[in-house]
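Here is the structure we will look at.
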Amino acid sequence: MSTTATQALSVPAAIEARHSIRKYKDQPVPAADLREILRLTSLAPSSANIQPWRFVVVENKALQAQLQAAAFNQAQVGSAPALIVVYADHEDVVATADEVIHPGVPPEGRERSRGMIAGFFAGKTLEQAHAITASQSGIAVGFLVLAAQSLGYSTSVMLGFDPAKVRELLDLPAHVNLPALIALGVADEPGFGTHRHPVDRLARFVS
Ligand SMILES: Cc1cc2nc3c(=O)[nH]c(=O)nc-3n(C[C@H](O)[C@H](O)[C@H](O)COP(=O)(O)O)c2cc1C
């Protein structure tokens, strides 16, 4: 798949083209494409710009087979050319808050922002901290699947896995949250047809 910007799908076209794909061509994804997909993903918005999402990109069939076993044996975990493990690390967010504060913010403002970021998680249970990072990481997951689609790659977002086993296999600390596994590659099936509520079932317009 080519990744030049001139050939990238528009956002509406990528949205229309995306389906969950569980069978991929046996074709590696160039490292430059993976980096570009993650760079585009990193542009997702987050509360106070905390960017809690982190990624492990797995392109190792032996490890993928172990992850497949930890994901109720879902075939696309083991067979996808790339498996992106999305995790969120609120402890790292707090410890490195300075990195996400815009360089133009003066010292008093930086102090305020650091305090606000620490305040998001202070006194929270792990479950509460995970709820915060999961809702924000979901936005990044949306960006990721559309960025991939726009560059010619299909994806399958998954929540069907045992987080404790995935953490163990990837040597991730116990406090991190795992908002999704994402299989990624060139589609080798059309996927299911899209079936959605009509807008009028989902929304009401108040003016
Ligand atoms: C958060 C989330 C978790 C999902 N978990 C799984 C999963 O574990 N296994 C799977 O095969 N599909 C999973 N899916 C895919 C959904 O079944 C799929 O998105 C939905 O049926 C709509 O189909 P579409 O993605 O082709 O439009 C998940 C999707 C999302 C967004």
Side-chain angles (χ1 to χ4, degrees), residues 9-22 29 34-58 67 70-72 74 76-77 80 82-94 96-97 99-100 116-121 124-151 153-167 169-170 172-185 191-192 194-197 199 201-203:
L9 294 184
S10 68
V11 173
I15 289 172
E16 299 273 8
R18 191 210 59 80
H19 300 276
S20 289
I21 292 298
R22 299 171 179 89
V29 183
L34 286 167
R35 294 194 83 85
E36 178 61 358
I37 290 165
L38 293 178
R39 187 191 70 80
L40 292 167
T41 301
S42 77
L43 303 181
S46 57
S47 174
N49 200 31
I50 61 172
Q51 308 165 61
W53 42 78
R54 308 285 184 264
F55 308 98
V56 182
V57 182
V58 184
L67 288 162
F72 308 112
Q74 298 198 65
Q76 67 269 28
V77 173
L83 180 77
I84 303 180
V85 177
V86 184
Y87 70 99
D89 189 338
H90 63 284
E91 289 193 6
D92 188 42
V93 164
V94 173
T96 62
E99 290 177 27
V100 301
M116 184 167 71
I117 291 170
F120 285 158
F121 300 105
K124 298 284 193 305
T125 63
L126 193 58
E127 210 172 45
Q128 290 168 328
H130 282 188
I132 295 168
T133 57
S135 64
Q136 307 209 24
S137 301
I139 298 170
V141 169
F143 271 49
L144 195 156
V145 298
L146 293 183
Q149 195 71 48
S150 76
L151 297 182
Y153 298 101
S154 291
T155 52
S156 165
V157 175
M158 288 165 278
L159 265 184
F161 59 87
D162 178 338
K165 286 190 188 144
V166 171
R167 276 190 214 100
L169 286 167
L170 297 175
L172 291 169
H175 68 266
V176 306
N177 190 16
L178 286 156
L181 303 186
I182 305 179
L184 188 151
F192 292 110
T194 301
H195 176 59
R196 295 293 193 269
H197 285 305
V199 170
R201 166 77 171 78
L202 299 172

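A distance of 13.5 Å separates CD1 of I139 from CG of L43, quoted to the nearest 0.5 Å. Here the CG atom belonging to N177 is positioned 12.5 Å from the CZ atom belonging to R54, to the nearest 0.5 angstrom. One finds the CG atom of D89 at 9.0 Å from the OG1 atom of T133 (value rounded to the nearest 0.5 Å). Distance check, rounded to the nearest 0.5 Å: OG of S42 to CZ of F143 gives 10.0 Å. In this structure, the separation between OG1 on T155 and CG on L146 is 8.0 Å, given to the nearest 0.5 Å. The distance from atom CG of L184 to atom CD of Q149, rounded to the nearest 0.5 Å, is 9.5 Å.
The shortest distance between side-chain heavy atoms of L38 and V57 falls below 4.5 Å.
Screening residues 130-149 for salt bridge (charged side-chain N to carboxylate O under 4.0 Å, His left out) gives no qualifying pairs among residues at least two apart or on separate chains.
Under a 3.5 Å cut-off, the side chain of Q136 and the backbone N or O of P52 do not form any donor-acceptor pair. Not one N or O on the side chain of H90 forms a donor-acceptor pair closer than 3.5 Å with the backbone of L126.
Crowding of K124 atom NZ: a count of heavy atoms from other residues, nucleotides or ligands under 6.0 Å exceeding 12. Other residues, nucleotides and ligands contribute at most 12 non-hydrogen atoms within 6.0 Å of the CD atom of E16.
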